[in-house]
Amino acid sequence: MVLAVDDEPNGLDELVHCLRNSPHVAKVFPAIDASEALRLLSTDDPRLRERKDRGLPIVDAVFADIDMPGLSGMEMSRVFAALRPSPCLVFVTGHAEEAVNAFDLGALDYVLKPYQQDRLDRAISRVLDKLAAAAAPPPGAMGGEPVKNDDEVIPVELAGTTKLIPRSSVRWVEAQGDYARLFTTEGSHLVRIPLAQLEERWEKAGFVRIHRSFLVALPLITELRMGQGGYQVVIGNEEKVLPVSRRHTRALKDRLVGSGRNG
């Protein structure tokens with residue numbers, strides 16, 4: 001069961017139509033605004049009441065627009081995200097600039113309008129994967145060690161498609177004004193996130209600031225050496241060389257020594 005929310009009647013009709021086209025969606029509850037959507041929380045619908053009694057989210061997923069009069073889609077989704085258990089959140093919108101806030105809220109996908117059926121089908125597949133993972137036995141239930149997966153993803157807009165870049169695939173990051181360019185094994189991606197913000201968010205994940213313009217995955221540093229103008233680091237096997245500023249040299253050496261001892 002899913003909830004579809006869009007204040008534009010044509011947009012809501014299209015969203016409901018595409019959701020109903022999926023063989024994996026049994027029931028769609030349409031809502032023309034956030035207020036109508038939130039009324040589901042107090043509904044006496046026997047199907048939803050049964051889900052509550054079974055300890056399930058009131059719906060499996062919420063597919064919502066963002067720009068709506070009154071309560072916005074983002075504000076409405078914060079209410080659903082605070083529920084325990086909470087439904088999967090998927091945003092279907094024409095506003096690409098809200099992608100970072102959406103994923104910070106825990107959104108599973110971010111679909112840009114105009115979209116095709118196959119794009120929405122991919123979002124539904126992600127919901128199915130999340131539901132399947134939630135229904136699986138907890139880590140360690142079969143006698144194995146618990147596995148913690150806290151790999152953050154960064155949304156990147158590419159020709160109308162939102163691509164999710166796992167933090168674990170990022171080798172280094174370069175500041176470009178108010179943006180940051182993520183360098184992975186597959187190429188580079190420009191995102192509207194300041195480098196200082198990524199430094200704060202990724203410090204515990206092993207990323208270290210080596211220069212005002214560079215943030216690097218500490219485990220990928222294979223060499224720290226003196227070069228022209230100061231220290232440099234070598235990244236991985238590709239022999240990528242990046243400069244280290246004087247102000248960051250001592251902290252980097254301490255991190256490298258500590259990493260070596262822990263390793």
Side-chain angles (χ1 to χ4, degrees), residues 96-110 112 122 126 129-130 133 145-263:
E97 67 275 8
E98 291 285 354
V100 172
N101 292 331
F103 284 102
D104 282 345
L105 186 60
L108 202 58
D109 205 346
Y110 196 91
L112 286 177
R122 293 204 301 273
R126 287 175 177 165
D129 290 343
K130 180 69 176 293
E145 291 295 324
V147 177
K148 183 179 179 181
N149 182 10
D150 60 354
D151 190 18
E152 182 182 348
V153 295
I154 299 294
V156 176
E157 298 301 325
L158 297 171
T161 299
T162 302
K163 184 175 182 180
L164 303 181
I165 306 299
R167 181 184 58 208
S168 58
S169 70
V170 178
R171 305 177 74 76
W172 75 90
V173 187
E174 181 177 0
Q176 297 189 355
D178 291 333
Y179 291 75
R181 183 168 292 280
L182 312 178
F183 289 85
T184 70
T185 54
E186 298 178 350
S188 67
H189 310 275
L190 191 66
V191 295
R192 191 168 186 176
I193 305 176
L195 191 67
Q197 184 177 336
L198 284 180
E199 178 187 9
E200 181 179 348
R201 283 164 53 175
W202 290 5
E203 180 182 6
K204 293 182 179 179
F207 281 77
V208 59
R209 189 75 169 262
I210 64 168
H211 189 276
R212 67 180 181 180
S213 298
F214 293 104
L215 185 68
V216 174
L218 187 67
L220 299 182
I221 296 177
T222 56
E223 186 178 336
L224 174 65
R225 67 191 185 195
M226 179 63 74
Q228 278 190 330
Y231 278 99
Q232 301 171 331
V233 292
V234 179
I235 309 297
N237 296 325
E238 68 254 39
E239 295 294 320
K240 177 65 181 180
V241 178
L242 297 175
V244 180
S245 65
R246 287 186 179 180
R247 61 173 295 198
H248 291 100
T249 298
R250 172 51 55 191
L252 175 60
K253 287 182 177 180
D254 291 344
R255 290 286 298 273
L256 286 171
V257 170
S259 176
R261 287 173 178 168
N262 294 333

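Computed from a predicted structure; not experimentally measured.
At distances below 3.5 Å, not a single donor-acceptor pair connects side-chain atoms of Ser169 with backbone N or O atoms of Ile165.
Atom CG of residue Leu182 and atom CG of residue Leu190 lie 8.0 Å apart, to the nearest 0.5 angstrom. For the atom pair Ser188 OG and Gln176 CD, the distance stands at 8.0 Å (nearest 0.5 Å). The CZ atom of Arg167 sits 7.0 Å away from atom CZ of Phe207, with the distance rounded to the nearest 0.5 Å. In this structure, CG on Leu252 lies 12.5 Å from NE2 on His211, to the nearest 0.5 angstrom. Summarising the geometry, atom CZ belonging to Arg171 is positioned 11.0 Å from atom CG belonging to Leu242; distances are rounded to the nearest 0.5 Å. Atom CZ of Arg201 sits about 4.5 Å away from atom CD1 of Ile154, to the nearest 0.5 Å.
Looking only at side-chain heavy atoms (C-beta outward), Lys240 and Val234 stay at 4.5 Å or farther from each other. Annotation: side chain of Val241 is not in contact with side chain of Val233 (no heavy-atom distance under 4.5 Å). Put simply, the side chain of Ile210 does not reach to within 4.5 Å of the side chain of Leu215, judged on heavy atoms.
Shown here is Arg181, whose CZ atom has more than 12 heavy atoms of other residues, nucleotides or ligands within 6.0 Å. For CD of Glu203, the number of neighbouring non-hydrogen atoms (other residues, nucleotides, ligands) closer than 6.0 Å is 12 at most. A 6.0 Å sphere centred on CD of Glu186 holds no more than 12 heavy atoms belonging to other residues, nucleotides or ligands.
Taking every heavy atom of both residues into account, Leu195 and Arg212 meet most closely at CD2-O, 3.6 Å. Of all non-hydrogen atoms in Trp202 and Val173, the two that sit nearest each other are CZ3-CG2, 4.1 Å. Listed here is the closest heavy atom pair of Leu256 and Leu224: CD1-CD2, 4.0 Å. The minimum heavy-atom distance linking Gly206 with Pro219 is given by the pair O-CD, 3.7 Å.
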Practice item. Before giving the answer on side chain to side chain contact (heavy atoms under 4.5 Å, CB included), spell out for Val216 and Ile235 the whole-Å C-alpha distance, their side-chain angles and the decisive distance to 0.1 Å. Key: CA-CA 8 Å; Val216 174; Ile235 309 297; 3.3 Å; yes

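Trp172 and Phe183 have parallel rings, their planes meeting at less than 30° on a 0 to 90° scale where 60° marks the start of perpendicular.
Screening Arg246, Lys253, His248 against Tyr231 for a side-chain contact (heavy atoms from CB on, under 4.5 Å) leaves a single residue, Lys253.
In summary, Glu199 and Arg209 engage in a salt bridge, as defined by a charged side-chain N under 4.0 Å from a carboxylate O.
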